Amino acid sequence: RYKSVVTPQRAAVAIACCWIVSLLVGLTPMFGWNNLNKMQRTQELNGSHTEFVITCQFETVISMEYMVYFNFFVWVLPPLLLMLLIYLEVFNLIRKQLNKKVSSSSNDPQKYYGKELKIAKSLALVLFLFALSWLPLHVLNCITLFCPSCQTPHILTYIAIFLTHGNSAMNPIVYAFRIKKFRTAFLQIWNQYFCCKTNKNATSTTTAEMGN
């Protein structure tokens with residue numbers, strides 16, 4: 001039912017919704033959920049009349065309540081667990097179908113579900129890299145919020161933040177290495193728009209593959 005359910009219009013709406021939600025969640029600190037008021041009150045309680053200066057560090061300006069309760073517990077952990085359950089079910093169903101087709105000695109369904117299994121493994125790898133990239137930062141945030149006396153080295157925080165940003169570059173690399181159609185299209189785009197050369201063979205190959 002994939003072709004009937006996933007139409008270009010629905011895909012476009014889903015992508016637009018993902019971007020809108022991501023922007024709203026990511027920009028929430030700029031709408032006021034940050035540590036600005038807390039820092040101002042701290043300065044007033046200290047009786048300091050010097051110029052108000054903000055140290056631009058992640059844990060200084062970003063509210064840990066926002067990062068843990070809103071960001072992690074609402075927008076990261078539940079979707080991650082849900083996707084994990086979905087992939088477990090996908091692998092279970094494909095395994096059952098492969099076992100059925102092996103016993104029925106049918107080659108074409110075997111090839112089809114083998115291809116589905118390869119794609120499912122690639123997407124599961126993307127999910128694993130997402131968890132590997134984002135969980136360290138959220139674990140550090142939970143330590144900061146629930147254990148104020150615990151001191152975490154700043155270098156760990158910087159590494160965790162770097163991992164979250166690096167995750168955005170991982171997906172196209174994984175797709176390019178694991179899925180042939182993505183790899184062919186990726187090379188074509190790279191050659192055409194970054195190396196300023198057109199590979200006619202790659203274009204014809206991509207067209208033929210997409211047609212298949």
Side-chain angles (χ1 to χ4, degrees), residues 2 5-6 8 10-31 33-34 57-59 61-95 113-147 150 152-187 189-190:
Y2 181 84
V5 173
V6 185
R10 289 175 179 172
V13 170
I15 293 172
C17 289
C18 286
W19 274 99
I20 292 171
V21 171
S22 299
L23 285 171
L24 291 176
V25 173
L27 295 178
T28 296
M30 298 185 68
F31 298 149
W33 196 348
N34 50 52
Q57 292 181 341
F58 181 78
E59 293 185 357
V61 298
I62 298 295
S63 169
M64 285 299 109
E65 286 82 4
Y66 158 78
M67 287 299 300
V68 174
Y69 294 123
F70 184 67
N71 199 321
F72 184 45
F73 288 167
V74 175
W75 295 107
V76 174
L77 191 59
L80 185 62
L81 295 176
L82 179 61
M83 292 300 298
L84 179 62
L85 293 175
I86 289 174
Y87 277 119
L88 290 175
E89 181 64 15
V90 167
F91 282 118
N92 185 44
L93 290 173
I94 292 178
R95 182 180 58 82
Y113 284 108
K115 186 185 295 184
E116 292 294 307
L117 180 61
K118 183 178 180 180
I119 294 176
K121 286 182 178 179
S122 300
L123 298 178
L125 178 60
V126 170
L127 183 68
F128 170 75
L129 291 175
F130 172 82
L132 188 67
S133 301
W134 280 95
L135 287 181
L137 178 62
H138 288 295
V139 169
L140 291 176
N141 292 337
C142 289
I143 294 174
T144 302
L145 179 63
F146 299 124
C147 182
C150 300
T152 56
H154 288 298
I155 186 65
L156 290 181
T157 304
Y158 295 147
I159 292 174
I161 295 173
F162 177 79
L163 281 175
T164 61
H165 287 72
N167 179 247
S168 300
M170 294 178 187
N171 293 355
I173 297 174
V174 172
Y175 286 133
F177 275 98
R178 299 278 304 181
I179 303 175
K180 185 178 180 181
K181 289 183 178 180
F182 276 95
R183 181 167 62 252
T184 304
F186 184 79
L187 289 175
I189 293 171
W190 179 266

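Since we're looking at a predicted model, the values are computed, not measured.
Distance check: Ile173 CD1 to Leu129 CG gives 10.0 Å after rounding to the nearest 0.5 Å. Once rounded to the nearest 0.5 Å, the distance linking CZ of Phe177 with CG of Leu125 reads 12.0 Å. Annotation: the span from Leu137 atom CG to Phe162 atom CZ amounts to 13.5 Å, rounded to 0.5 Å. Rounding to the nearest 0.5 Å places CD1 of Ile62 at 9.5 Å from CG of Asn141. In this structure, Glu65 CD and Asn71 CG are separated by 13.0 Å, a value rounded to the nearest 0.5 Å. Atom-to-atom distance recorded for Leu187:CG and Phe182:CZ is 13.5 Å, nearest 0.5 angstrom.
Between Tyr87 and Leu127, the shortest heavy-atom contact is CD1-CD2, 3.4 Å. Looking at every heavy atom in both residues, Met170 comes nearest to Ser133 through CE-OG, 3.5 Å. Closest non-hydrogen pair, Thr28 versus Phe70, comes out as OG1-CE2, 3.9 Å. The two residues Val74 and Tyr69 make their nearest non-hydrogen contact at CG2-O, 3.3 Å. Ile161 and Thr164 get closest at one heavy-atom pair: O-OG1, 2.5 Å. Taking each heavy atom of Pro136 and Ala131 in turn, the nearest pair found is CD-O, 4.0 Å.
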Check your understanding: Hey, mind stepping through Thr144 and Thr157 against side chain to side chain contact (heavy atoms under 4.5 Å, CB included) and telling me if it holds?
Key -> CA-CA 11 Å; Thr144 302; Thr157 304; over 6 Å; no

Point to revise | side chain to side chain contact (heavy atoms under 4.5 Å, CB included) between Phe146 and Met64, intermediate numbers included | key: CA-CA 10 Å; Phe146 299 124; Met64 285 299 109; over 6 Å; no

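Open room surrounds CZ on Phe128; 12 or fewer heavy atoms of other groups in view lie less than 6.0 Å from it. Heavy-atom contacts from other residues, nucleotides or ligands closer than 6.0 Å to CZ of Phe91 number more than 12. When the shell of 6.0 Å around CH2 of Trp33 is examined, it contains more than 12 heavy atoms from other residues, nucleotides or ligands.
Ring geometry for Phe186 against Trp190 counts as parallel: the plane angle stays under 30°, on a 0 to 90° scale with 60° as the upper cut. A parallel orientation is assigned to the rings of His138 and Phe72, their planes being inclined by less than 30° (bins at 30° and 60°).
Looking at Tyr158 and Gln57, their side chains come closer than 4.5 Å, going by heavy atoms from C-beta outward. Taking the side chain as every heavy atom from C-beta outward, Glu59 and Thr152 approach each other to under 4.5 Å.
Judged purely by atom type and a 3.5 angstrom limit, Asn92 has no side-chain atom pairing as donor or acceptor with the backbone of Leu88. Checked by atom type and distance alone, the side chain of Asn34 pairs as donor or acceptor with a backbone atom of Pro29 at under 3.5 Å. Side-chain N or O atoms of Thr184 include none that pairs as donor or acceptor with a backbone N or O of Lys181 at under 3.5 Å.
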